[in-house]
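What's counted below: heavy atoms across the whole structure, side chains too, no hydrogens, waters or symmetry copies.
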Amino acid sequence: MEPTPAAISSALDLAHGPTWANRFALAPLTNTQSHADGTVSDDELRWLEARGRGGTGLVMTCATYVAPAGQAWGGQLGIASDAHLPGLTRLAEALRRTGTVSSVQLHHGGRRADPALSGRPNQCPWDDPRTGSVAMTTAEVEESVQDFVAAAVRAETAGFDGVEVHGAHGYLVGQFLDPRHNDRCDAYGGSMANRSRMLLEILAGIRDATGPDFQLGLRLTPEGNGLTVAEGVEVAALVLTSGLLDYLDMSLWDVFMSPRGGVAAGEEERLLIDHFTGLERGETRLGVAGKVLSAADATWCLDRGADFVSVGMGAILHHDFAARAVADAGFVAVAPPVTREHLAAEHVGRDFLDYLAKGWDGLVSQG
């Protein structure tokens with residue numbers, strides 16, 4: 001049965017845990033504003049707390065490393081040890097006071113980690129001389145699965161409502177899914193069943209180790225990083241019907257785009273979003289992300305079959321993007337470039353501002 005389109009203002013029930021007040025989630029945005037040891041900074045707390053006050057149904061942290069070997073950049077938030085718990089607990093409590101639902105995105109950089117931060121060669125499913133990455137042993141893969149599970153337990157202990165596993169954008173979990181390179185000869189390489197084994201073990205382990213009201217999500221990308229759209233759809237279909245997830249968060253880059261790889265011979269031309277909204281999902285909710293910059297954009301995604309939208313750029317530009325979109329069907333985010341003063345007023349910290357100015361072309365005005 002096709003899902004019935006819902007209003008962006010309508011509440012979203014999930015199989016586990018609290019109801020979201022609306023159909024907006026804060027996308028997990030890299031911001032480099034945590035302390036060097038991975039503990040929560042005041043700037044990080046203010047950034048996320050403001051998005052909770054701004055009416056976002058689900059507020060999610062940036063990609064948060066689950067093990068020291070997985071740290072991908074300086075200033076990354078950590079959940080790799082109990083030393084991270086006090087700050088995470090303070091953050092969870094602050095978010096709860098805003099009325100939002102909260103989540104930590106669990107991340108391991110794999111071959112995209114920074115060995116200068118970890119002090120060890122990068123871990124990867126295969127040997128990768130270009131990045132200096134060393135193939136993980138079977139025991140190291142199993143240990144990494146437990147790192148994700150332990151991080152989820154820490155998130156629950158800290159008081160978060162759930163976690164999202166980062167399986168997108170070519171980081172460790174996504175590297176295992178890559179059929180072009182993952183030719184391991186153990187149970188974690190080769191066939192789709194083997195390449196998805198680590199992911200499914202992480203999800204099952206988190207579900208078993210946390211309580212019945214703890215929400216579990218997953219972020220995937222639809223193509224790229226070794227996957228075709230057809231292979232991305234295969235992975236999405238697998239997890240949507242696994243019974244393990246509360247939601248799947250598809251990072252589409254642009255919700256209005258067509259597949260970058262084109263259309264296979266004999267295949268109907270469709271937008272990228274349409275490859276996923278038509279999948280059987282049972283009780284699992286489906287979200288999409290990518291250039292949702294107005295109330296109309298969000299409504300279009302729901303009309304197309306999504307259950308919610310994850311907002312990145314719009315939530316940088318407006319801490320209350322969700323509240324504005326819910327209140328005004330004609331709301332459109334301010335167009336970049338914007339001043340540093342504008343972003344500071346939206347509770348974007350200094351380190352985050354510097355990161356945006358260097359890495360996001362045309363966002364921060366140079367005047």
Side-chain angles (χ1 to χ4, degrees), residues 27-28 30 60-73 76 78-80 103-113 118 122-126 128 131 133-138 140-152 155 162-184 186-207 209 216-227 231-240 242 244-251 284 287 289:
T30 300
M60 189 177 305
T61 70
C62 60
T64 305
Y65 65 88
V66 301
Q71 186 175 359
W73 47 83
Q76 185 177 4
I79 193 167
S103 180
V104 178
Q105 192 192 51
L106 306 182
H107 172 261
H108 189 301
R111 69 190 184 103
R112 298 184 63 190
S118 68
N122 283 349
Q123 297 179 317
C124 184
W126 62 88
D128 183 5
T131 61
S133 301
V134 177
M136 301 167 72
T137 66
T138 301
E140 286 172 333
V141 179
E142 294 168 347
E143 180 181 356
S144 188
V145 169
Q146 293 309 309
D147 287 337
F148 277 89
V149 175
V163 293
E164 176 181 281
V165 174
H166 197 334
H169 304 305
Y171 294 110
L172 183 65
V173 174
Q175 289 161 24
F176 274 90
L177 296 172
D178 180 354
R180 306 296 182 271
H181 298 97
N182 182 5
D183 56 0
R184 296 174 64 96
D186 64 3
Y188 295 97
S191 67
M192 170 59 80
N194 284 353
R195 287 183 284 109
S196 60
R197 190 179 306 278
M198 181 193 194
L199 169 58
L200 292 175
E201 286 181 352
I202 290 170
L203 299 180
I206 292 172
R207 185 57 78 203
L216 178 55
L218 170 67
R219 174 164 265 214
L220 292 175
T221 29
E223 64 176 330
N225 301 297
L227 291 174
E231 290 160 342
V233 168
E234 185 178 3
V235 176
L238 176 67
V239 296
L240 280 170
S242 68
L244 297 170
L245 285 179
D246 291 296
Y247 65 87
L248 175 62
D249 177 19
M250 292 301 304
S251 182
T284 307

#### Entry: Pairing residues for Arg207 by the salt bridge (Lys or Arg N to Asp or Glu O under 4.0 Å) criterion, not counting sequence neighbours
Asp246
### Message
Checking Glu231 now: which residues fulfil salt bridge (Lys or Arg N to Asp or Glu O under 4.0 Å) with it, not counting sequence neighbours?
### Response
Arg180
### Results of side chain to side chain donor-acceptor pair (under 3.5 Å) for Asn225 - residues two or more places apart only
none
### Message
What I want to check is whether the side chains of Thr138 and Asp186 have a donor and an acceptor closer together than 3.5 Å.
### Response
yes
#### Entry: Full working for side chain to side chain contact (heavy atoms under 4.5 Å, CB included) between Ser103 and Tyr247
CA-CA 12 Å; Ser103 180; Tyr247 65 87; 3.9 Å; yes
### Query
Who are the salt bridge (Lys or Arg N to Asp or Glu O under 4.0 Å) partners of Asp128, not counting sequence neighbours?
Arg111
#### Entry: For Gln175, side chain to side chain donor-acceptor pair (under 3.5 Å) partners two or more places apart
none
#### Entry: Results of salt bridge (Lys or Arg N to Asp or Glu O under 4.0 Å) for Arg197 - residues two or more places apart only
none
### Taking every non-hydrogen atom, the tightest pair across Val149 and Ala209
CG1-CB, 3.7 Å
### Task
List in chain and number order the residues that pass side chain to side chain donor-acceptor pair (under 3.5 Å) with His166, two or more places apart in sequence or in another chain; answer none if no residue qualifies.
none
### Side-chain donor/acceptor of Asp147 to backbone N/O of Ala80, under 3.5 Å
no
### Query
Under the side-chain contact (heavy atoms from CB on, under 4.5 Å) test, which residues partner Ala155, sequence neighbours left out?
Ile79, Val104, Phe160, Val163, Phe214
### With sequence neighbours excluded, residues passing side-chain contact (heavy atoms from CB on, under 4.5 Å) with Ser251
His169, Arg219, Thr221
### Task
With sequence neighbours left out, write down each residue that passes side chain to side chain donor-acceptor pair (under 3.5 Å) with Gln76, or none if nothing qualifies.
His107
### Exam field: side chain Ser196 to backbone Asn194, donor-acceptor pair closer than 3.5 Å
no
### Message
Going by the rule side-chain contact (heavy atoms from CB on, under 4.5 Å), which residues pair with Asp183 if we only count those two or more places apart in sequence or in a different chain?
### Response
none
### Query
side chain to side chain contact (heavy atoms under 4.5 Å, CB included) between Ser144 and Leu172: does it pass, once the steps are laid out?
CA-CA 10 Å; Ser144 188; Leu172 183 65; 3.6 Å; yes
### Query
How would you list, by chain and number, every residue that makes a side-chain contact (heavy atoms from CB on, under 4.5 Å) with Leu240, sequence neighbours excluded?
Leu248, Leu279, Arg281, Thr284
